[in-house]
Structure formats: structure tokens, C-alpha cells
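Here the structure is laid out as C-alpha cells; the discussion comes afterwards.
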Amino acid sequence: MRHAPELDQATLAALIALVRKHTGIDMGERKRNLLERRLRPRMDALALPGFRDYLDRVEQDRDEVPHFIDLVTTNDTLFFRTPQVWAYLEQEFLPSWWTGHQGKRLEIWSAAAASGEELYSMAMLCEEFLAAHPGFRYRIVGTDISRQMLELARKGCYAGRSIERLRETHPARLANYFRPSPHGCVQVSDALRRNVELRSHNLLHVLRPAQQFDLILLRNVLIYFDLAHQHTVLEQVRHSMASHSVMIIGESESISRLDTAYALHRPMIYHVKASSPCTP
Ligand SMILES: C[S@@+](CC[C@H](N)C(=O)[O-])C[C@H]1O[C@@H](n2cnc3c(N)ncnc32)[C@H](O)[C@@H]1O
């Protein structure tokens with residue numbers, strides 16, 4: 001006898017719509033297996049027999065929404081992911097910002113921070129810049145929609161692929177900024193954590209309190225949205241940019257098909273167009 005499909009078409013469509021409503025992520029029906037795989041353990045934990053029951057739970061119980069978001073987001077990240085971006089930040093962005101803004105504090109936003117590797121990579125560059133430029137000050141705001149990811153970023157204790165890659169590519173930085181932890185991971189140093197602030201934020205909305213950042217890392221998140229939602233995110237992020245600010249996207253992302261306020265400076269790196277004033 002054939003078993004009835006576990007995730008029927010109508011429930012799949014409703015789940016996809018719910019993912020889009022809460023996160024903007026465009027899942028599409030091709031993500032059926034991924035959704036099934038990710039949701040099933042949660043359904044088991046809640047003793048819910050079917051996907052329709054889980055859908056009802058998310059719709060009726062606000063406390064379930066953060067768990068749902070944790071399950072449907074994809075959070076892959078690495079320290080110093082896309083090396084050419086980090087070479088630009090270290091060799092061009094930081095020296096140039098310092099020349100034009102001495103006495104100010106460098107404000108950085110890691111806008112889809114996931115488990116924090118990106119923002120701690122930036123903190124390492126800033127600490128090294130500080131050692132060579134006394135008086136340099138910086139702050140990094142890390143945000144993500146996933147509560148679970150923010151918790152990992154707050155802990156700053158890394159193991160597995162993240163650390164293996166860092167050991168291969170940046171052994172001196174691993175030695176300088178991390179220490180072994182009794183929990184079987186390596187812990188980022190207090191020096192890296194001291195200028196970092198982590199907050200929950202949905203990129204479909206404008207970041208509050210209103211603030212303009214010198215550098216926004218919006219990397220490897222637009223790829224999950226359809227064009228309309230990419231446009232919304234870019235419009236919201238623009239409110240956090242000043243005329244001199246730099247925004248960086250991921251290497252497999254492109255915003256060239258969208259009519260936006262951003263001008264390409266070089267691959268992945270954008271400024272706001274001079275003709276695009278912004279009123280938060
Ligand atoms: C692949 S990770 C990118 C991590 C890092 N920026 C990098 O490039 O390595 C994508 C992150 O975007 C987050 N995300 C997805 N939708 C979001 C939304 N609407 N608002 C804020 N963050 C979102 C996910 O939770 C996930 O942690």
C-alpha cells in the first residue's frame with residue numbers, strides 16, 4: 001500500500017507563504033525536501049503528527065515563530081569568507097576611512113551576521129588596525145533574524161569547519177584572538193567581543209534606532225529573496241547609509257537588475273548614488 005505524502009501540496013504552499021511572510025525568504029516548491037528535513041525534528045519534539053498541525057501551531061502560537069525562523073533560515077558562514085573582500089577592507093577601506101575621519105568612531109553593521117564569523121573577522125582587522133593606529137575606535141553591530149544564530153554569535157565559541165578553515169588560512173589570527181575553551185570549542189577573546197553588539201533584526205524593516213554606518217556587510221543574504229524582497233531590503237538598508245558609506249554584498253549576488261539607490265564601486269562593493277538623499 002502506498003503511504004499518503006507526508007507534506008501535501010496545499011500545506012507545502014502554506015508553509016512557503018509563511019516563510020516568506022516572516023523572513024522574506026523565497027523557498028519555492030523545490031525546497032520541499034529541505035523543509036521536510038528541517039521541520040520534522042521540531043514536529044517530533046512537539047509531538048505533532050503532521051505538517052498541517054505544525055503549520056497551525058506557527059500560525060496560532062507567537063512563541064513558535066522564532067523556532068520556525070531558526071529552522072527555515074540557512075546560516076552558512078566562515079571567517080574571512082571571500083578573501084578579496086577582506087583584502088579590500090584591510091588595505092583600502094580602513095586606511096582611507098582613518099584618513100578622512102580621525103577623531104570619529106568607525107561604525108560597522110554586519111547585517112546578516114549568522115553565527116558571528118563575519119563580524120569577528122572584521123573585529124580582528126580593526127584590532128590590528130588599532131595596534132598600528134592608536135586612537136582608532138570602532139563598534140560593530142551584528143544583526144540577524146535567527147535567535148539561535150545570535151546566541152551562537154554572542155557565545156563566540158567555535159568548532160568544526162569554521163575553525164579548521166581559520167587554522168589553515170589565518171593561523172596567527174587564530175593564535176592571537178582565540179583561546180581553547182573547556183566546552184570543546186575555541187573562544188573568541190574579550191578584545192574581539194568588547195566592541196561588538198548583537199541584536200535581532202529583520203532586514204525587511206528599517207534598523208532602529210536610526211543610525212548611519214560607515215560600512216555595511218550585507219553578504220550572502222539577498223540571494224535568499226526574490227527581486228521584490230531584495231529591493232525592499234536594499235531600500236531599508238539605505239536608511240542606514242551616509243554619502244561616504246560602503247555596502248558590500250556576497251560574491252554570488254547581484255543587484256544590477258534592480259533599480260536601486262546604490263552605485264557599483266567595484267565588484268560586490270557599493271556606495272549610495274549622490275542623487276539619492278535618504279530620509280529615515
Ligand atoms: C548565509 S548567512 C550569511 C552570513 C554572513 N553574512 C556571510 O556572508 O558569511 C544568511 C543569514 O541571513 C539571515 N537572514 C535571512 N533572512 C533574514 C531577514 N529577513 N532578516 C535578517 N536576517 C535574515 C539568516 O538567518 C542567516 O543567518
Side-chain angles (χ1 to χ4, degrees), residues 16-28 31 34-35 38 65-86 88-89 108-125 140-156 158 160-163 165-166 169-170 188 196-208 213 215-240 246-255 267-270:
I16 289 170
L18 208 57
V19 172
R20 188 187 300 262
K21 174 180 153 198
H22 287 294
T23 67
I25 295 171
D26 177 26
M27 277 232 154
K31 293 287 161 77
L34 180 131
L35 263 180
R38 289 186 179 180
V65 173
H67 294 286
F68 179 63
I69 290 174
D70 287 344
L71 294 171
V72 299
T73 51
T74 298
N75 318 105
D76 294 341
T77 186
L78 284 172
F79 292 102
F80 299 104
R81 181 181 194 179
T82 313
Q84 61 271 39
V85 166
W86 301 96
Y88 160 78
L89 290 171
I108 301 160
W109 179 19
S110 170
S115 40
E117 283 89 332
E118 176 180 88
L119 65 90
Y120 290 123
S121 301
M122 194 63 216
M124 287 185 242
L125 294 194
I140 305 174
V141 175
T143 66
D144 202 279
I145 199 172
S146 163
R147 207 170 57 170
Q148 196 176 44
M149 284 302 116
L150 286 171
E151 197 45 41
L152 290 176
R154 246 174 228 124
K155 282 195 182 121
Y158 297 98
R161 183 168 161 256
S162 261
I163 282 300
R165 280 287 299 275
L166 188 63
T169 52
H170 298 276
V188 291
V196 166
E197 182 189 319
L198 288 151
R199 287 192 233 153
S200 175
H201 174 63
N202 184 341
L203 286 165
L204 299 179
H205 306 297
V206 74
L207 185 69
R208 298 281 181 214
F213 293 89
L215 171 66
I216 300 180
L217 303 172
L218 184 71
R219 302 166 66 224
N220 303 301
V221 63
L222 291 174
I223 200 164
Y224 297 104
F225 303 135
D226 62 19
L227 285 180
H229 283 83
Q230 288 182 11
H231 193 264
T232 303
V233 169
L234 289 164
E235 282 286 295
Q236 303 296 28
V237 166
R238 183 175 69 112
H239 292 298
S240 301
V246 167
M247 182 198 65
I248 305 186
I249 63 171
E251 68 182 313
S252 51
E253 294 169 320
S254 164
I255 63 172
M268 296 178 267
I269 302 174
Y270 291 82

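Numbers here are sequence positions counted from 1. Predicted model, so just to flag it, every value in this text is computed and none were measured. In each ligand, atom 1 is the first atom listed, and ligand 1 is the first ligand listed.
At a heavy-atom distance under 4.0 Å, no atom of Phe79 approaches ligand 1. Contacts with ligand 1 closer than 4.0 Å are made by heavy atoms of both the backbone and the side chain of Arg219. Neither the backbone nor the side chain of Glu117 comes within contact range of ligand 1; no heavy atom lies under 4.0 Å.
Around the CZ atom of Arg165, the shell of radius 6.0 Å holds no more than 12 heavy atoms that belong to other residues, nucleotides or ligands.
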Start with the C-alpha gap between Gln236 and Leu204, add the side-chain angles, then the distance that decides, and say whether side-chain contact (heavy atoms from CB on, under 4.5 Å) holds.
-> CA-CA 7 Å; Gln236 303 296 28; Leu204 299 179; 5.9 Å; no

Show your working on side-chain contact (heavy atoms from CB on, under 4.5 Å) between Met124 and His170 and close with a plain yes or no.
-> CA-CA 11 Å; Met124 287 185 242; His170 298 276; over 6 Å; no

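Considering backbone and side-chain N/O of Val221, none are found under 3.5 Å from N/O of ligand 1. When only interatomic distances are considered, the shortest N/O to N/O separation between Ala113 and ligand 1 does not fall below 3.5 Å.
Using a 4.0 Å cut-off to heavy atoms of Glu118, the atoms of ligand 1 that qualify are 5 (C), 6 (N), 7 (C), 8 (O). Under a 4.0 Å criterion applied to the non-hydrogen atoms of Thr77, ligand 1 contributes the atoms 4 (C), 5 (C), 7 (C), 9 (O). Close contacts between ligand 1 and His201 involve ligand atoms 20 (N), 21 (C) [criterion: under 4.0 Å to a heavy atom]. Within ligand 1, the atoms closer than 4.0 Å to a non-hydrogen atom of Asn220 are 1 (C), 2 (S), 3 (C), 7 (C), 8 (O), 10 (C), numbered from 1 in the order shown. Of all atoms in ligand 1, listed by their number and element, those nearer than 4.0 Å to a heavy atom of Ser146 are 25 (O). Each of the following atoms of ligand 1 lies closer than 4.0 Å to a heavy atom of Asn202: 18 (C), 19 (N), 20 (N). Within ligand 1, the atoms closer than 4.0 Å to a non-hydrogen atom of Ala112 are 3 (C), 4 (C), 5 (C), 6 (N), 11 (C), 12 (O), numbered from 1 in the order shown. Interface atoms of ligand 1 facing Ala114, defined by a heavy-atom separation under 4.0 Å, are 4 (C), 27 (O).
When only modelled atom types and interatomic distance are considered, Thr73 and Asn75 share a side-chain donor-acceptor pair under 3.5 Å. Between His67 and Asp70, the side chains place no donor N or O within less than 3.5 Å of an acceptor N or O (distance only, hydrogens not considered). Between Ser115 and Glu117, the side chains place a donor N or O and an acceptor N or O closer than 3.5 Å (distance only, hydrogens not considered).
The nearest heavy-atom contact from the protein to atom 7 (C) of ligand 1 is Arg81 NH1, 3.2 Å. Among all non-hydrogen protein atoms, the one lying nearest atom 19 (N) of ligand 1 is Thr23 O, 2.7 Å. Scanning the protein heavy atoms around atom 20 (N) of ligand 1, the nearest turns out to be Leu203 N, 2.9 Å. For atom 17 (C) of ligand 1, the closest non-hydrogen atom of the protein is Ile145 CG2, 3.5 Å.
Between Thr74, Val19, Asn75, it is Thr74 that holds the heavy atom closest to atom 10 (C) of ligand 1. With atom 13 (C) of ligand 1 as the reference point, the heavy atom nearest to it among Asp144, Thr143, Asp70, Thr73 is part of Asp144.
Nearest approach of Ala111 to Leu218, heavy atoms of both residues: CB-CD1, 3.9 Å.
The CG atom of Leu125 sits 5.0 Å away from the CZ atom of Phe80 when rounded to the nearest 0.5 Å. We find the CE-CZ distance between Met27 and Arg20 to be 11.0 Å, quoted to the nearest 0.5 Å.
Ring orientation note: the planes of Phe79 and Tyr158 are nearly perpendicular, at an angle over 60° on the 30°/60° scale.
Remark: aromatic rings of Trp109 and His201 are close, center separation under 6.0 Å.
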